[in-house]
Amino acid sequence: MVKKQHDRHLESIGDFAIDAFQNDLLYWFEREQRILPWRKNRDAYRVWVSEIMLQQTRVDTVIPYYERFMERFPTAGDLAEAELEEVYKYWEGLGYYSRARNLHAAVQEVQEKYGGDVPNTPEDVHALKGVGPYTAGAILSIAYGLPEPAVDGNVMRVLSRILLIEDDIAKPSTRKLFEAIIRVIIAEHNPSFFNQALMELGALICIPRSPRCESCPVAVHCRARAAGIQKELPIKSKAKKGRIEQRAVALIGRPDGTWLIHRRPDTGLLADLWEFPHIEYANEVHMREELSVYLYKIFGIRAIPRERVMEHSHIFSHLQWNMQTYICTYEGEVPDAGVEEEKQRMKWVRPEEMDVYPFPVSHKKIADGLREGFQGSLL
DNA sequence: GAAGCGTGGAG
DNA sequence: TCTCCAAGCTT
């Protein structure tokens, strides 16, 4: 059934001027492409790193991260030899941290299995951790010049308009339709520029709201433009709203000036990153008591939340944390109790030494507050 | 197929 | 303030 729908679209390409479209698009890209750090050369490792960083992340955000990352890890070998902890540190603030873990593991696989050379077949590239259909196509086309589709959000938006396709681009199956289309219309003599040009067009001209059709090099080929419905495309169903959690954060300081931080589990949200101990609570009335119980059960520390020093909220893509941060006091020595596995994940650190540990943004702000004594803070 | 997974910018 | 999002992948 899906195959049938794909065929319907592919037939409608019949009267599409593929050659002229390719020429207009490539000519524009050659003139107008932005100068970006990952376009200095076609080194497959450099392309790879850029594509991972650019997943769901804006170009302007990525640039400084990419520069720092490539300076520290210039080759796949350099990255493979590094500690994961340091890789996370270079990823700090960029989000989707599993990208860093997967990239690190995948580079090590490239070292062992391919002698340090990024593989150049669809099967081998796609098999690398963190490399999905889009990234595989991007590496193969941009680094190796192979005619593979690299369908991202830009490409789906641009093609939805140019070919007037009304399939829901939020559905996974729709990406496959666009891959099939790309295989038909891709410029075989320059797949690298063709794929990049479609994305560049989506980023600069064929933008989500108010597309700049006056400046579009392929407006003459655009069916949505001809029908006057370019602003209605692409069709994209809405994501459901995320939940809100109330969270209480504990700052526990020892007389030697160190504070307790805790490493998150190695799966799930913010995996492997460091943070201050915190809990989700349901009732404000029992919040401090619940935090105390948690601190004793997990870390074996009899601590009591005293002064609230910070209140802030953090919004994830699918979740929101409303956070209240408390300075805690505790009785006597830190006892040798608590959960053994968790104790391996705790550390006592001075505020000025915390920047060696990768923190998520929400807790980085608390660490900053600690360093500055919460002066002029958010309370 | 749907849900989980971050963050900062733009309109 | 709020919604949508930006060169997606994994489970």
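Below, chain A is the first sequence line, B the second, and so on; all start at residue 1. The model shown is predicted, which means the values in this text are computed figures rather than measured ones.
Look at CG on A:Asn102: it is 6 Å from P on C:dT10, rounded to the nearest Å. Separating the CD1 atom of A:Ile169 from the P atom of C:dC4 is a distance of 13 Å, rounded to the nearest angstrom. Across the protein-nucleic acid pair, A:Leu201 atom CG and C:dA6 atom P stand 14 Å apart, rounded to whole Å. The CD1 atom of A:Ile235 sits 14 Å away from the P atom of C:dC4 (whole-angstrom rounding). Rounding to whole angstrom units, CG of residue A:Asp152 and P of C:dC9 are separated by 10 Å. Rounded to an integer number of Å, the gap from CE of A:Met156 to C1' of C:dG8 is 9 Å. Protein atom CG of A:Leu128 is 18 Å distant from nucleotide atom P of C:dG8, rounded to whole Å. Regarding A:Lys231, its NZ atom lies at a distance of 16 Å from the P atom of C:dC4, rounded to whole Å.
Nucleotides C:dG8 and B:dG1, compared at atom C1', are 16 Å apart to the nearest Å. Taking atom P in both C:dA6 and B:dC5, one finds a spacing of 23 Å when rounded to whole Å. Spacing between C:dC9 and B:dG8 at atom P, rounded to whole Å, works out to 22 Å.
Taking the ring axis of A:Phe69 as reference, the NZ or CZ atom of A:Arg72 does not stay both within 45° of it and closer than 6.0 Å to the ring centre. Cation-pi contact between A:Arg302 and A:Tyr330: absent, since separation from the ring centre below 6.0 Å together with deviation from the ring axis within 45° is not met.
Atoms CG and CD1, on A:Leu233 and A:Ile169 in that order, are 9.5 Å from each other to the nearest 0.5 Å. Between A:Glu289 atom CD and A:Asn283 atom CG the span is 12.5 Å, to the nearest 0.5 Å.
Heavy-atom distances to DNA chain C give each of A:Val59 and A:Lys129 a nearest nucleotide, and the one nearer the 5′ end belongs to A:Val59. Summary of the strand contacts: A:Leu36 and A:His126 both lie near DNA chain C, and taking for each the nucleotide with the nearest heavy atom, the more 5' one is attributed to A:Leu36.
Residue contacts shown for A:Trp38 include a base, since a base heavy atom lies under 4.0 Å away. Among the atoms of the strands shown, only primed sugar atoms or phosphate atoms (P, OP1, OP2) are found under 4.0 Å from some heavy atom of A:Thr135. At the heavy-atom level, A:Arg39 lies under 4.0 Å from base atoms of the strands shown. Within the 4.0 angstrom heavy-atom criterion, only backbone atoms of the sugar-phosphate kind lie near A:Arg157; the bases stay farther away.
When atom types are taken as modelled, the side chain of A:Arg46 and the backbone of A:Asp43 share no donor-acceptor pair closer than 3.5 angstrom.
By the side chain to side chain donor-acceptor pair (under 3.5 Å) test, A:His262 is found to be paired with A:Glu342, residues two or more places apart in sequence or in another chain being considered.
In summary, A:Arg175 and A:Glu179 engage in a salt bridge, as defined by a charged side-chain N under 4.0 Å from a carboxylate O.
Residues A:Gln33 and A:Phe193 form a side-chain contact, since some pair of their non-hydrogen atoms from C-beta on lies under 4.5 Å apart.
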Nucleotide-resolved protein contact map, nucleotides 2-9 of chain B, B/S/- at heavy-atom distance under 4.0 Å: --SBBBB-
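Within the 4.0 Å cut-off from OP1 or OP2 of C:dC5, at least one side-chain nitrogen or oxygen of A:Lys236 is found.
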